[in-house]
Amino acid sequence: LRHMHQYRAGLTMRCAFSMLVACALMGMLYAVAALHPLPHPLRHMHPSPTTQQPSQAGNTVRALRGPGAAEEKFFTNFVDHFCFEQPVAPANMTYQQRYFISSQWWTPGEGPIFFYAGNEADVEIYVKHTGLMWENAARFKALVVFAEHRYWGKSLPVGVPTAHNLRYLTSEQAMADYARLVYHLKLELGAGGVPVIAFGGSYGGMLAAWLRLKYPATFAGAIAASAPIGSFGGMVPTYNTETYWQVVTRDASPAGGSDATCAPNVRNSWPLIFDAGKTSAGRAALSQQFGLCKPLVTEHDVELLALFLQVAWDTMAMGDFPYPSNYLTNGGKLLPAYPVRAACELMKGSKNAGSDLLTKMRKATDIFNNVSQHLACYDLPPDQGDDGIWDYIFCSEMIPQETYFATDGVKDMFWPRSYNLTFIREHCAQKYNIAPRPEWIRVSYGNFESVTQTNIVFSNGDRDPWSSAGVVNASSPSVAIVKTGGAHHLDLFFSNSADPAELRQARATELEHIAAWVSGWSS
């Protein structure tokens with residue numbers, strides 16, 4: 001989701017003797033960190049971590065459709081899987097990781113474990129929406145498990161996350177959480193010999209694929225949906241970040257089923273916004289026209305307004321599903337079917353005066369920005385990287401964050417902007433005191449289109465802007481590439497009568513591979 005969406009941590013910090021002082025000071029940092037809270041996340045895809053601490057297990061969450069229901073449980077996991085030194089306060093060594101489990105269709109000792117690798121949101125949203133697991137658990141006699149990613153929901157290793165206590169927020173730590181959780185579940189349930197199939201979408205799709213590579217003795221296969229693994233530094237071919245926004249623009253064009261005047265009108269809106277933003281009177285008018293809670297004071301504020309509007313189009317493109325959905329609104333109000341088309345209906349027209357065009361932009365982006373229809377005004381993000389704590393993961397391992405991506409205003413419907421790694425380094429140093437490592441994922445896992453992997457299905461949808469960085473070729477015959485014809489990891493959702501034929505075929509291919517993995521593991 002980089003909720004999915006809605007913006008996305010370096011080498012894991014391994015303890016050595018020289019780091020003992022730093023380990024000892026962590027407790028002090030926790031106290032100081034409370035004075036420096038993170039800003040609210042920009043997108044509903046990445047909801048703020050809750051401050052609620054796990055009190056007791058037993059809560060049951062039901063899937064959106066069908067009889068599927070999972071019980072909430074907690075597992076004592078390590079805060080730092082790679083530090084073997086004893087901290088000053090031993091209680092800080094572990095935390096309570098939340099997961100949900102359902103055994104209603106499981107045949108112990110025979111059925112596999114379907115394991116959802118949670119990503120950047122409260123895990124309950126995945127429990128409710130991941131129909132691919134729920135609809136096929138009975139067929140495979142599977143145990144269903146949804147694991148929550150550290151630092152989100154109720155899985156809080158260091159209390160309330162702040163800019164100063166995120167050092168344990170890395171993909172490596174999260175995957176070690178999952179591997180250790182699976183190990184202990186197998187021991188507890190007497191399921192040591194059954195295969196585990198990892199599922200995940202977006203960042204979770206990357207985690208699922210990496211789990212198969214990093215822990216092949218634990219995970220027999222992986223369904224990696226809408227996983228933008230090609231976006232990292234050092235990958236071949238080199239990722240062109242502009243292609244992300246070109247897919248968003250395609251969704252707003254006739255090729256995506258939208259009105260032909262929509263994308264040009266969106267493109268023509270930005271000069272009006274930036275020109276108005278050059279004067280105090282123009283900024284006051286923009287503040288009123290777009291319903292901002294605080295007036296625009298500087299031209300930089302105007303850039304943040306433009307980013308706020310751009311992200312609305314971005315999110316609607318990720319959520320361009322063929323039926324109404326509240327997946328990208330964190331379980332809130334439903335976005336309409338094909339929300340980009342719906343927004344374009346409000347944006348279309350061949351004769352538009354300046355103020356009319358901006359009024360249309362406000363109404364079109366309100367489809368997402370004010371989906372609840374209850375917001376009296378809008379707060380803008382404080383900086384380009386404001387996506388809650390996801391920005392930390394981007395700043396370290398550079399797991400992609402589209403708000404930094406380039407646009408040219410020609411092949412896309414936005415304004416010219418470059419991908420500025422110098423700015424990114426300065427931003428990350430100032431905000432978190434860390435330096436990005438753009439090639440670390442490439443160093444860790446190789447180039448996914450040229451190295452040999454086994455038992456992974458990568459899926460991409462042509463409506464999803466993240467498909468621009470998806471795996472589209474593979475050298476291994478046991479790695480499948482499927483196209484869903486849909487938006488962001490739509491193949492993981494419940495089947496629907498509005499699903500395109502390409503999506504139905506993609507799911508059938510995924511199930512064929514899962515059956516082969518289960519059979520191969522057992523034999």
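Reckoned from all heavy atoms, side chains included, excluding hydrogens, waters and symmetry mates. Bear in mind that the values here come from a model prediction, so they are computed numbers and not experimental data.
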Are Gln97 and Tyr178 close enough, and set up right, to give a side chain to side chain contact (heavy atoms under 4.5 Å, CB included), and what steps lead you there?
CA-CA 10 Å; Gln97 180 184 16; Tyr178 297 157; 3.5 Å; yes
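- Atom CG in Leu358 sits 9.0 Å away from atom CG in Leu309 (nearest 0.5 Å).
- With Ser231 contributing its side chain and Ala469 its backbone, the two residues share no donor-acceptor pair below 3.5 Å.
- Within the model, atoms CD1 of Ile399 and CG of Leu207 stand 7.0 Å from one another, a figure rounded to the nearest 0.5 Å.
- Between Glu124 and Arg62, no side-chain nitrogen of the basic residue sits less than 4.0 Å from a carboxylate oxygen of the acidic one, so the salt-bridge criterion is not met.
- Residues Glu135 and Ser495 bring a donor and an acceptor atom of their side chains to less than 3.5 Å of each other.
- Nearest heavy atom pair, residue Ala343 against residue Met316, reads CB-CE, 3.8 Å.
- With Phe140 as reference, Phe114 is the one residue of Trp105, Phe114, Trp517 to meet the ring pair (Phe, Tyr, Trp, His ring centres under 6.0 Å) rule.
- No side-chain donor-acceptor contact under 3.5 Å links Ser202 to the backbone of Gly204.
- More than 12 heavy atoms of other shown residues, nucleotides or ligands fall within 6.0 angstrom of atom NZ in Lys360.
- Heavy-atom minimum distance, Arg341 versus Gly256: NE-O, 3.2 Å.
- Under the 3.5 Å distance criterion, the side-chain polar atoms of Asn455 are matched with a main-chain donor or acceptor of Ala220.
- No donor-acceptor distance shorter than 3.5 angstrom exists from the side chain of Asp314 to the backbone of Gln310, with no hydrogens or angles considered.
- Contact record, Ala263 with Met413: O-CB, 3.6 Å, taken as the closest heavy-atom pair.
- Proximity of Glu72 to Tyr99: side-chain heavy atoms (C-beta onward) are nowhere separated by under 4.5 Å.
- Arg463 places no side-chain N or O within 3.5 Å of a backbone atom of Gly485 that could act as its donor or acceptor partner.
- Side-chain atoms of Thr365 come within 3.5 Å of backbone N or O of Met361 as a donor-acceptor pair.
- At least one donor-acceptor pair closer than 3.5 Å links the side chain of Arg267 to the backbone N or O of Gly409.
- Between Lys363 and Asp366 there is no salt bridge, since none of the side-chain N atoms of the basic residue sits less than 4.0 Å from a carboxylate O of the acidic one.
- Separating the CG atom in Asp251 from the CE atom in Met318 is a distance of 11.0 Å, to the nearest 0.5 Å.
- Between Tyr116 and Phe146, a ring centre-to-centre spacing shorter than 6.0 Å is recorded.
- Between the side chain of Thr407 and the main chain of Trp415, a donor-acceptor pair closer than 3.5 Å is present.
- Side-chain atoms of Leu305 and Phe290, non-hydrogen and from C-beta on, do get closer than 4.5 Å to each other.
- Using a 4.5 Å heavy-atom cutoff, the side chains of Arg425 and Pro438 are in contact.
- For the pair Tyr432/Leu166, a side-chain contact is recorded, criterion being any heavy-atom separation below 4.5 Å from C-beta on.
- Expressed to the nearest 0.5 Å, how far CD of Glu242 lies from CZ of Arg417 amounts to 10.5 Å.
- By the 4.5 Å heavy-atom criterion applied to side chains, Trp466 and Asn460 are not counted as neighbours.
- A salt bridge links Arg150 with Asp177; the closest basic N to acidic carboxylate O contact falls under 4.0 Å.
- Counted by atom type alone, Asp464 and Ser226 present one or more donor-acceptor pairs between their side chains at under 3.5 Å.
- Judged by distance alone, with hydrogens and angles left aside, the side-chain atoms of Glu148 form a donor-acceptor pair with the main-chain N or O of Ser155 at under 3.5 Å.
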Walk me through it: do Tyr338 and Phe321 pass the test ring-ring contact (aromatic ring centres under 6.0 Å, His included)?
CA-CA 5 Å; Tyr338 294 116; Phe321 305 133; 9.3 Å; no
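- Below 30°, between 30° and 60°, or above 60°: for Tyr203 and His149 the angle between ring planes is between 30° and 60°, a tilted geometry.
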Worked check of ring-ring contact (aromatic ring centres under 6.0 Å, His included) between Phe394 and Tyr404
CA-CA 10 Å; Phe394 172 79; Tyr404 294 101; 4.4 Å; yes
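- Within the 4.5 Å cutoff, side-chain heavy atoms of Val127 are placed close to those of Trp134.
- The minimum heavy-atom distance between Asp122 and Trp152, with the atom names listed, is N-CB, 4.4 Å.
- Nearest heavy-atom pair, Ala147 versus Phe115, reported as atom, atom and distance to 0.1 Å: CB-CZ, 3.5 Å.
- One finds the CG atom of Leu181 at 11.0 Å from the OG1 atom of Thr218 (value rounded to the nearest 0.5 Å).
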What do the steps show when you test Ile424 against Met398 for side chain to side chain contact (heavy atoms under 4.5 Å, CB included), and what is the final call?
CA-CA 10 Å; Ile424 291 169; Met398 297 204 76; 4.3 Å; yes
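- The aromatic rings of Phe493 and His489 sit perpendicular to each other, their planes meeting at more than 60°, with 30° as the lower class boundary.
- The CZ atom of Arg139 sits 5.0 Å away from the CG atom of Leu511 when rounded to the nearest 0.5 Å.
- Note: Tyr445 and Trp210 have parallel aromatic rings, judged against thresholds of 30 and 60 degrees for the angle between ring planes.
- Within the 4.5 Å cutoff, side-chain heavy atoms of His129 are placed close to those of Leu64.
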Assess the residue pair Arg437 and Phe232 against the criterion (side chain to side chain contact (heavy atoms under 4.5 Å, CB included)); give the C-alpha distance rounded to whole Å, side-chain angles, the decisive distance to 0.1 Å, and a yes or no.
CA-CA 10 Å; Arg437 299 183 179 180; Phe232 295 95; over 6 Å; no
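- Checked by atom type and distance alone, the side chain of Thr130 never pairs as donor or acceptor with a backbone atom of Leu132 at under 3.5 Å.
- Note on Arg504 versus Asp499: no salt bridge recorded, every NZ/NE/NH1/NH2 to OD/OE distance being 4.0 Å or above.
- Ser418 and Asn420 share no side-chain donor-acceptor pair at under 3.5 Å.
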Kindly determine whether Met175 and Lys214 satisfy side chain to side chain contact (heavy atoms under 4.5 Å, CB included), including the steps that lead there.
CA-CA 9 Å; Met175 286 189 290; Lys214 193 174 182 67; 4.0 Å; yes
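- Taking 4.5 Å as the limit, every side-chain heavy atom of Val371 sits out of range of all side-chain heavy atoms of Asn326.
- A donor and an acceptor atom, one from each side chain of Asp491 and Ser459, are located under 3.5 Å apart.
- When all heavy atoms are compared, the tightest approach of Tyr244 to Glu402 is OH-OE2, 3.4 Å.
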